[in-house]
Protein chains: 2
Amino acid sequence: MIGYSPAETARLSGFSLDTLRYYEKIGLLSGVGRTSGGRRVFTEDDLGWLGLFRCLRDTGMPIAQMCRYAELAREGEHTARERQELLQRHAERVEEQMALLRRQYDRLRDKIRYYESVTEGVRAG
Amino acid sequence: MIGYSPAETARLSGFSLDTLRYYEKIGLLSGVGRTSGGRRVFTEDDLGWLGLFRCLRDTGMPIAQMCRYAELAREGEHTARERQELLQRHAERVEEQMALLRRQYDRLRDKIRYYESVTEGVRAG
DNA sequence: TTCCATCCTGGAGCGCGCTCCAGGTCAAGC
DNA sequence: GCTTGACCTGGAGCGCGCTCCAGGATGGAA
């Protein structure tokens, strides 16, 4: 189990160095290893967490909720159900978000189609 | 062509009173009518704009870009092509956003499915 | 041994999109 | 005429999620 430097971790996770430090500061990421000199060493496991955070963030979960999830995970196996429910509720919100996005995308396409008809009219005229 | 009070407009558009005032202040909404006493009177046309802004905002367009669009529209018909291109580029970004959202939603569902298998194990045990 | 890129900490600052507030005006109903 | 609630303005403040900075330590290569 080799470790990853902060720079490598930033590259692999897509989060900036500052964001990695920030996530640790607020307790989202915890137990990050250090060298004797005090530099962070990220593990494969940390990368797994970061992957999850990216997923949750990309789907619009607020950081406070990610913290809650991480905290539950740290408490142990007996919180599995609560974590599942948290993700389930989030998934439902994501579904609504996707439906809204699609509706509004369709409106947008309509608007663009209108412009296409206008500019073709200009070409034809 | 009757007008709408600020409160009515807020209700119909889904934007708060403060947001309506803010949109006018930054020049997103312009030429909003007034009563002799200085109170805003919104028209059907204003509501149309607000509907568009909701669409663009829900699909993640930054306000600065909406301002640009509104400004172009005010300049007249000769900016139609530029407006179309602006919307077209936005639509492409929305498509990417939808694709990302779907990918991450699928990951999320996987995670939940994992939890379902775990908690069913608990039930069975 | 020296260099210099990488990293450290604590804390301030930022960009966005509102949201709230104070202090005052307006107008419809009694 | 008076009350009351909706509305006005200018400007400050906020919540989120980072992002940047100063000033200093680290550590691998030449």
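Numbered from 1 within each chain, the chains take letters A, B, ... in sequence-line order.
Comparing the helix axis at one end of the helix from C:dT1-D:dA30 to C:dC30-D:dG1 with that at the other, each defined from 5 consecutive pairs, gives an inter-axis angle of 0° (nearest 10°).
Within 4.0 Å (heavy atoms only), A:R21 reaches at least one base atom of the nucleic acid. At a threshold of 4.0 angstrom between heavy atoms, the contacts of A:Y23 are confined to the sugar-phosphate backbone, with no base atom among them.
Annotation for A:R107: atom CZ does not count as buried by contact number, only 12 or fewer foreign heavy atoms lying within 6.0 Å.
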Exercise. Check the pair A:S13, A:R54 against side chain to side chain donor-acceptor pair (under 3.5 Å), reporting the backbone distance first and the verdict last.
Key: CA-CA 8 Å; A:S13 69; A:R54 174 149 297 285; 6.0 Å; no
Exercise. Please test A:T35 against A:R39 for side chain to side chain donor-acceptor pair (under 3.5 Å), starting from the C-alpha separation and ending with a verdict.
Key: CA-CA 5 Å; A:T35 66; A:R39 299 188 168 195; 5.8 Å; no
Quiz prompt | Candidate pair B:E44 and B:Y4, rule side chain to side chain donor-acceptor pair (under 3.5 Å), full reasoning | solution = CA-CA 8 Å; B:E44 210 69 62; B:Y4 298 93; 2.8 Å; yes
Exercise. Give the C-alpha distance, both sets of side-chain angles, the deciding distance and a yes or no for side chain to side chain donor-acceptor pair (under 3.5 Å) between A:Y105 and B:E95.
Key: CA-CA 8 Å; A:Y105 174 74; B:E95 282 159 25; 2.4 Å; yes
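The hydrophobic clustering, which links ILVMFWY residues whose side-chain heavy atoms are closer than 4.5 Å, places B:F42 and B:L17 apart. Linking ILVMFWY residues whenever their side-chain heavy atoms come closer than 4.5 Å, directly or via other members, places A:F53 and A:L12 in the same cluster. Residues A:L56 and A:Y22 share a hydrophobic cluster, clusters being chains of Ile/Leu/Val/Met/Phe/Trp/Tyr side chains in contact below 4.5 Å. Hydrophobic clustering (side-chain heavy atoms under 4.5 Å, transitive across Ile, Leu, Val, Met, Phe, Trp, Tyr) groups B:Y114 together with A:M66.
Where B:G38 and B:I63 each meet DNA chain C at their nearest nucleotide, the meeting point lying more 5' is that of B:I63.
Atom OG1 in A:T19 sits 13.0 Å away from atom CD in A:E24 (nearest 0.5 Å).
Contact annotation: side chain of A:R39 to base of C:dC8, donor-acceptor pair absent below 3.5 Å.
Atom CG in A:L17 sits about 12 Å away from atom P in C:dT9, given to the nearest Å.
Nucleotides of DNA chain D with any atom under 4.0 Å from a heavy atom of chain A span, from 5' to 3', D:dG17 to D:dG27.
You'll find the side chain of B:L29 reaches within 4.5 Å of the side chain of B:L50, heavy atoms only.
Taking a 4.0 Å limit (strictly below) on heavy-atom distances, residues 28-37 of chain B reaches DNA chain C at B:T35, B:G37.
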